[in-house]
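For reference, the structure discussed in these notes is given below.
A, B, ... follow the sequence lines: proteins, then strands. Residue 1 opens every chain.
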Amino acid sequence: MKKRFIITAALPYTNGNLHIGHLSGVFLPADIYSRYLRSLKKKLIFISGSDEHGVSILIKSIKENKNPKFIINKYHKVIKKNLKQMNISLDNYFRTSNKLHHNFSIKIFNKLLNKNFFLKKETYQYYDKDYNLFLADRFVIGVCPYCKYKEAYSDFCEKCGIILKQKDLKNPKSILTNKKPIFKSTINYFLNFKKLLNQIKFLKKKFKKLKFSSKIIKYISNFIKSKINNRSITRDLNWGVKIPHYKKKVLYVWFEAILGYITSTINWAKRNKKKWYLYWKNKNSKLINFIGKDNIIFHSLFYPLIIKNYDKNYILPNYINVNEFLNFNGKKISTSKNRAIFINKFLKYLPDFVDTLRYTLIIDMPINKDTNFTWEKFKVYNNNYLIGILGNYINRVIVLLNKYNNSKIPSKILLNHNQKKILKYIYKYPKKIGKLILKFKFKLALLKFLNLARFGNKFLSKTSPWLMGKNTIEFNNILFISSQILGYICFLSNYFLPNFYKKMLKLLNLNTNNIYNIKNKINFLPCNHKINKSKLIFKKINKSFYKIFNKINN
RNA sequence: GACGUAAUAACUCAGUGGUAGAGUAUUGGUCUCAUAAUCCAAAAGUCGGGGGUUCAAAUCCCCCUUACGUCACCA
């Protein structure tokens, strides 16, 4: 049976718009990976969706005096549209507020409940009387008993870095009302990590075998070594996946959000008349998660423990690609503090620079450590790399063909030994780039791609065909080789720069079917093939753009 | 405080045991097919500090310094 791939990008939380962090952290790497597998004609689905529950959205809705549904509808719509505009090639973008998702999550919860999988426990929590709401630790602020910091959370003081017990906090205040919350008892269900220790150890072994990033292995190791706290998976809220027979309780957002990949697939399968379980309950399937470092625990522990105890036929991740964070101007991106480049704003002011943004975010992808986005880099990448190296090369070759050869790929060629070697070298590029992509080295893959244009520029400068007579064998040879480089650039660009790819196809008068031949050593631009007149693809960024950058910042 | 990640040329980074690499910026030059682009060359680093293992360390181990991140009922 043919292998099936499930590629997932972490679900963005709908308390704000899509920003560059989402793209560089999960959507772009997942997109490149998916585009590559598609070019090999693999069977795959690339899925994601909106994560629309949780207390943060409820708090936002209270503060803005709106219905939570209004908030999620507003952001879901824009995020979905923005992903498409950025050419993220998702097969399905679903949402966790959908009934299908609710039913599926409850089905799993109920079965586990009946199996006595959860621990039932009474805890005391802060409670806001005015809003009838139990408050998460982050929503109670007070004075730190150690350093007297006035805005310490009830579980953690940011200033002195000390973990607090709820009762330690002095002068606790609800962030909703600024009033003192009361302490009240409640009963919730917990994931019994202590009881699941053997399963966790098994997962660690399994992930180690699969060569998961050491970030994940170390995380689980530490988790096992530390004093494991069981984690509640129900909440006293009226916003979320409601649990039947338990009034005023919903599932903890991550208990169900992690199942969103499955429900997104079910939704996709229904619309396309496919069988979703051939992906999720099939030993020949491969699940690859793309996530940020903030949700390692949910993908490496929550999901496997929940799903395997529900039905052992479900598959576990074959790889979890964890990225660090992208900062903006040296500071952490924050949706709530409005510190980010939001994609809808970017597209409003710079709609022609989608590929430049993709390039910038891929080159500076936070693979090993946090990286930093600046407009200065954005400009350099656009002007020096995309225009100087890439755009310039294709324009040089196309103009040469336009001017000297009637816009046709030369036909009378007779390659010498050295020139044949050059062609062979070019044929190796798809494989080289593919290998890097499969190893999740997206930045190196893109650099390799750009190298092809660099190689072309050097080749042209060394050989200087414009100094030769038209239609001599040597002239034809050089233009033929340069054209093949052009063809490879065109097809390989599809992984990284989809808009550029589409424009190149038009310029070169090619169709997309050829892309499936990229595994073979093939000349995409055969002799006598006619191309179109040269047209500039990238726009230059000059000083006047800084006004636009500032508009996008604010 | 605990844990994690990092520290390499002015800048951004690549390089996991075998004579220090790339791009940008700088300086000089070449070319005109090209979006003042390209291409060639020069200059630029005792690879954070100290110790250890080894014939051999940027790379492995230990200690220190500095920066960033995480620390669980936020997502």
Side-chain angles (χ1 to χ4, degrees), chain A residues 10-15 51 53-57 59 123 125 134-139 146 153 155-156 160-163 166 186 188 190-191 193 214-215 218-219 221-223 225-236 252-255 257 292-298 301-302 324-325 327 330 332 335-336 363-364 366-372 374 376-377 380-381 383-404 441 443-444 447 450-451 453-454 456-467 478-479 482 534 536-540:
Chain A
L11 313 182
Y13 194 60
T14 43
N15 67 338
D51 174 13
H53 300 129
V55 67
S56 295
I57 283 172
I59 298 268
T123 54
Q125 274 181 36
F134 277 98
L135 295 164
D137 289 335
R138 286 294 151 98
F139 299 112
Y146 301 98
Y153 298 117
D155 61 336
F156 179 71
C160 60
I162 278 175
I163 295 168
Q166 287 169 326
T186 175
N188 275 305
F190 285 71
L191 259 191
F193 279 132
S214 66
K215 262 176 260 176
K218 277 181 183 164
Y219 185 92
S221 291
N222 271 323
F223 187 85
K225 270 188 245 162
S226 66
K227 286 182 201 165
I228 296 174
N229 286 322
N230 291 324
R231 191 128 157 187
S232 74
I233 45 96
T234 56
R235 293 284 186 281
D236 299 282
Y252 170 46
V253 66
W254 267 112
F255 182 92
K293 64 178 168 184
D294 52 340
N295 45 52
I296 289 176
I297 187 173
F298 306 115
L301 294 179
F302 262 60
E324 306 283 318
F325 287 152
N327 294 326
K332 198 175 164 183
T335 302
S336 55
I363 284 292
D364 283 339
I367 294 174
N368 292 319
K369 55 182 174 184
D370 290 1
T371 56
N372 193 23
T374 60
E376 193 49 43
K377 281 191 198 173
V380 168
Y381 293 147
N383 290 357
N384 297 11
Y385 291 71
L386 292 179
I387 294 176
I389 310 282
L390 184 62
N392 187 36
Y393 176 70
I394 59 175
N395 195 41
R396 289 175 86 177
V397 179
I398 293 174
V399 169
L400 276 169
L401 290 168
N402 288 159
K403 266 192 186 173
Y404 294 106
K441 300 197 169 185
K443 174 185 178 157
L444 290 180
L447 285 174
L450 202 74
N451 262 343
R454 219 167 236 146
N457 274 324
K458 279 184 194 177
F459 179 71
L460 274 184
S461 295
K462 263 186 200 165
T463 51
S464 311
W466 49 88
L467 298 178
I478 291 165
L479 251 64
S482 302
S534 170
L536 299 183
I537 291 180
F538 296 109
K539 285 184 184 170
K540 196 138 200 165

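Between A/D236 and A/T186, the side chains place a donor N or O and an acceptor N or O closer than 3.5 Å (distance only, hydrogens not considered).
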- Item | Reading 5' to 3' through nucleotides 20-27 of chain B, protein heavy-atom contacts under 4.0 Å coded B for base, S for sugar-phosphate only, - for none | ---SSS--

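Going from atom CG of A/N395 over to atom P of B/rA37 covers 15 Å, rounded to whole Å. The nearest whole Å value for the distance from the CG atom in A/N392 to the C1' atom in B/rU35 is 7 Å.
For A/W466, counting side-chain heavy atoms from C-beta on, the closest listed nucleotide (B/rA72, B/rC31, B/rA75) is B/rC31. Nearest to the side chain of A/L460, among B/rA72, B/rC39, B/rC33, sits B/rC33. When distances run from any side-chain atom of A/K293 to the nucleotides B/rG69, B/rA14, B/rA75, the shortest one goes to B/rG69. Closest approach to the A/R231 side chain among B/rU12, B/rA72, B/rA75 is made by B/rA72 (side chain taken as heavy atoms from C-beta onward). Closest approach to the A/D364 side chain among B/rA75, B/rC39, B/rU12 is made by B/rU12 (side chain taken as heavy atoms from C-beta onward).
For A/Y13 (side chain) and A/H53 (main-chain N/O), a donor-acceptor pair under 3.5 Å exists by modelled atom type.
In this model, the phosphate group of B/rC40 is not approached by any side-chain N or O of A/K462 to a distance below 4.0 Å at OP1 or OP2. For the OP1/OP2 pair of B/rC33 and a distance below 4.0 Å, the side-chain nitrogens and oxygens of A/Y404 include at least one atom meeting the criterion.
Base-pairing analysis of RNA chain B finds the following stems of at least three consecutive Watson-Crick or G-U pairs, with both pairing distances under 3.5 Å: B:1-7 with B:65-71, B:10-13 with B:21-24, B:26-29 with B:39-42, B:48-52 with B:60-64.
Across all strands shown, A/K443 has heavy atoms under 4.0 Å from sugar-phosphate atoms exclusively, and none from any base.
By the 6.0 Å contact criterion, NZ on A/K441 is open, its count of non-hydrogen atoms from other residues, nucleotides or ligands being 12 or less.
Using cut-offs of 30° and 60° for the angle between ring planes, the A/F193 and A/F223 rings count as perpendicular.
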Look for any protein N or O under 3.5 Å of an N or O in nucleotides 2-4 of chain B and output each such pair with its distance, or none.
from, atom 1, to, atom 2, distance (Å)
B/rC3, O2', A/N222, ND2, 2.8

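Scanning atom types as modelled, one donor and one acceptor separated by under 3.5 angstrom connect the side chain of A/S232 and the base of B/rC73.
Each of A/F193 and A/K539 has a nearest nucleotide on RNA chain B; the 5'-most of these lies closest to A/K539.
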